[in-house]
Amino acid sequence: MKKLALSAAIFLGSLSIPAIAEITPNEEVNTSISVQSEYTEISTDVVPAAVKTALQTAYPNAKLEKAYVNDKKEYKLEISVGDQKATVYSDVNGNWLKI
């Protein structure tokens with residue numbers, strides 16, 4: 001009986017090997033989409049007042065390092081607070097976007 005159970009386990013285990021091989025992609029897929037290509041860098045001076053106000057309200061000690069805008073007038077803001085850096089996204093009205 002033990003041999004039968006062991007044989008069944010080995011047999012069933014060998015069936016999973018082809019399934020694992022099928023999951024692994026055979027060709028390289030480019031999954032790195034450059035978000036940067038959608039945004040164009042702009043001067044921090046031309047960021048709308050509503051966006052700057054929202055930034056100062058949400059992050060009072062934040063310094064705006066770089067700003068980018070896309071065709072939809074959505075802003076990508078690279079900020080720093082002390083020694084920490086972050087990237088946040090806002091629409092033209094200062095509403096935060098989740099990206």
Solution key, residues 92-99 side-chain donor-acceptor pairs under 3.5 Å, sequence neighbours excluded:
| residue | atom | partner | partner atom | Å |
| --- | --- | --- | --- | --- |
| Asn95 | ND2 | Asp91 | OD2 | 3.1 |

Do Lys66 and Glu41 come close enough that some side-chain heavy atom pair is under 4.5 Å? yes
With a 4.5 Å cut-off on side-chain heavy-atom distances among I, L, V, M, F, W and Y, is there a chain of contacts connecting Tyr68 to Tyr89? yes
Separation of Asn61 CG from Gln84 CD (nearest 0.5 Å): 12.0 Å
side-chain contact (heavy atoms from CB on, under 4.5 Å) with Glu65: which residues, sequence neighbours excluded? Lys63, Ser80
How long is the straight-line distance from CG of Leu77 back to NZ of Lys52, given to the nearest 0.5 Å? 10.5 Å
Between side-chain atoms of residues 43-51 and protein atoms elsewhere (two or more places apart, or another chain), which donor-acceptor pairs fall under 3.5 Å?
| residue | atom | partner | partner atom | Å |
| --- | --- | --- | --- | --- |
| Ser43 | OG | Asp45 | N | 3.2 |

Looking at OH of Tyr39 and CG of Asp71, how far apart are the two atoms once the value is rounded to the nearest 0.5 Å? 10.5 Å
Joint cluster assignment, Ile42 & Ile79, ILVMFWY side-chain distance < 4.5 Å: yes
Are Val88 and Tyr75 packed together at the side-chain level, in the sense that at least one heavy-atom pair is separated by less than 4.5 angstrom? no
